[in-house]
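Presented below is the structure to which this report refers.
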Number of protein chains: 2
Amino acid sequence: MDGLKIGALAKRTGTNAPTIRYYEEIGLLRSADRQAGGQRVYSDADVKRLTFIRRCREFGFSIEQVRSLVELMQDPTQSCVHARDLAQEHLIAVRAKLAELKALERSIAAFVASCDASCAGGPGPECVILDDLSKRRVEVPSTSKGRRSPCGTCS
Amino acid sequence: MDGLKIGALAKRTGTNAPTIRYYEEIGLLRSADRQAGGQRVYSDADVKRLTFIRRCREFGFSIEQVRSLVELMQDPTQSCVHARDLAQEHLIAVRAKLAELKALERSIAAFVASCDASCAGGPGPECVILDDLSKRRVEVPSTSKGRRSPCGTCS
DNA sequence: GCTTGAACCTCTAGTTACTTGAGGAGGTAC
DNA sequence: GTACCTCCTCAAGTAACTAGAGGTTCAAGC
């Protein structure tokens with residue numbers, strides 16, 4: 001099963017060919033062997049390595065983190081506990097992002113809800129809800145609080 | 001309170017000065033008035049507009065979406081319902097991202113947990129968990145399934 | 001052997017939303 | 001007057017690719 005060309009490798013790993021060349025360029029993949037005509041040839045080891053890289057990228061690891069993991073995978077002097085630590089670190093970042101995104105979701109949902117409750121159209125410049133966004137650190141109302149009157153021209 | 005310089009505007013809105021210049025360059029902020037010496041001067045209207053922009057960006061709207069919202073805010077012929085629709089659309093995207101991120105969080109947590117359960121260090125290249133990542137579409141075990149034996153050299 | 005068309009090559013530029021840095025000018029306090 | 005801060009413009013850098021131009025190689029069919 002050796003001797004894949006770039007297109008076949010791409011298909012096998014769910015990557016685009018230009019992305020593979022890009023990974024080579026930045027040194028994430030070794031420089032591929034070439035056929036007489038200059039076309040890249042890949043082996044099963046490359047399939048494995050690229051799959052690893054793609055999986056890590058799907059996991060949201062940055063290129064630099066993936067680089068560490070790849071090196072770690074191939075260096076018999078390094079402990080795999082290091083990978084766990086990287087993952088742990090990444091997990092913390094993902095959880096922080098998750099919390100942020102949840103807050104964001106609540107805010108936007110509240111925004112939409114308050115639009116539904118208070119506005120029935122009308123000119124943008126007079127919409128009290130849009131206007132709110134240009135004030136500093138105004139909390140978007142946490143749904144159905146009836147805190148504000150509708151836009152003068154709405155409803 | 002008029003006549004802010006760029007640094008003051010930056011402070012008031014929590015933006016960096018280069019970012020303000022960038023917004024001007026891409027036409028998100030109007031071209032600022034200048035002092036005799038060429039320094040930009042801003043008014044309260046600019047504070048308001050930039051605050052609006054920053055709030056929208058914090059909400060995860062893209063520059064182009066913000067551009068729409070800003071135009072909408074200032075065009076008396078457009079309905080604010082359009083803003084609601086943009087927000088609604090954005091909400092859907094945020095929810096999709098949220099779902100993805102949750103799945104990711106579970107996967108990484110499972111990875112860390114299985115490292116903790118199966119590995120106590122050992123060379124990276126022989127770690128079965130790292131090795132898993134180079135195989136196609138292998139589910140990271142959903143915690144404590146005991147599916148696999150520990151790395152040969154670990155534990 | 002020739003043709004055709006897909007797949008490949010390199011190189012450059014574009015994407016998003018800024019950030020960083022160089023090198024110089026304006027403004028203000030002492 | 002001089003020190004120092006803030007400002008100016010312009011160019012390049014960042015992440016992680018994607019897209020396009022223009023040319024070459026390869027495999028299949030005749």
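Below, read A as the first sequence line, B as the second, and so on, with proteins coming before strands; counting in each chain starts at 1.
Of the possible donor and acceptor atoms, one in the side chain of A/Thr13 sits under 3.5 Å from a partner among the backbone N and O of A/Leu9. Between the side chain of A/Gln65 and the backbone N or O of A/Ser62, at least one donor-acceptor pair lies under 3.5 Å. A side-chain donor-acceptor contact under 3.5 Å links A/Arg49 to the backbone of A/Leu28. In this structure, A/Arg106 contributes its side chain and A/Ala110 its backbone to no donor-acceptor pair below 3.5 Å.
If you check every strand for non-hydrogen atoms under 4.0 Å, B/Phe61 touches nothing. Here B/Arg21 lies in heavy-atom contact (under 4.0 Å) with a base. Looking at heavy-atom distances under 4.0 Å, A/Arg54 makes contact with sugar-phosphate atoms alone, never a base.
Atom pair A/Glu64:CD and D/dG13:P shows a separation of 17 Å (rounding to whole Å applied). If you take NZ of A/Lys11 and C1' of C/dC8, they are 15 Å apart, rounded to a whole angstrom. The distance between atom CD of B/Glu58 and atom P of C/dA17, rounded to the nearest whole Å, is 15 Å. The separation between B/Arg67 atom CZ and C/dT16 atom C1' is 12 Å, rounded to whole Å. Between the CD1 atom of A/Ile20 and the C1' atom of D/dT18 there is a distance of 14 Å, given to the nearest Å. In this structure, the CD1 atom of B/Ile6 is 10 Å from the C1' atom of D/dT6, given to the nearest Å. In this structure, the CD atom of A/Glu25 is 9 Å from the P atom of C/dC11, given to the nearest Å. Between A/Leu29 atom CG and D/dA16 atom C1' the separation is 14 Å, expressed in whole Å.
For the 3.5 Å distance criterion, the side chains of A/Arg54 and A/Tyr23 qualify, holding a donor opposite an acceptor.
Each of B/Asn16 and A/Gln39 lies near DNA chain C, and the nucleotide nearest A/Gln39 is the one positioned closer to the 5' end. Two residues, B/Ala36 and B/Ser62, neighbour DNA chain C, and the one matched to the more 5' nucleotide by heavy-atom proximity is B/Ser62. Projected onto DNA chain D by closest heavy-atom contact, A/Gly38 and A/Tyr22 fall at different nucleotides, the more 5' of which corresponds to A/Tyr22.
Here B/Thr19 reaches the OP1 or OP2 of C/dT19: one of its side-chain N or O atoms lies under 4.0 Å away. Checking the phosphate oxygens (OP1, OP2) of C/dT10, a side-chain nitrogen or oxygen of A/Arg40 falls inside 4.0 Å. For the pair B/Gln35 and C/dG27, the criterion of a side-chain N or O lying under 4.0 Å from OP1 or OP2 is met. Distances shorter than 4.0 Å separate some side-chain N or O of A/Arg34 from OP1 or OP2 on C/dT10. For the pair A/Tyr23 and D/dC17, the criterion of a side-chain N or O lying under 4.0 Å from OP1 or OP2 is met.
Across C/dT19, D/dA27, C/dA17, the shortest atom-to-atom separation from the side chain of A/Lys5 is found for D/dA27.
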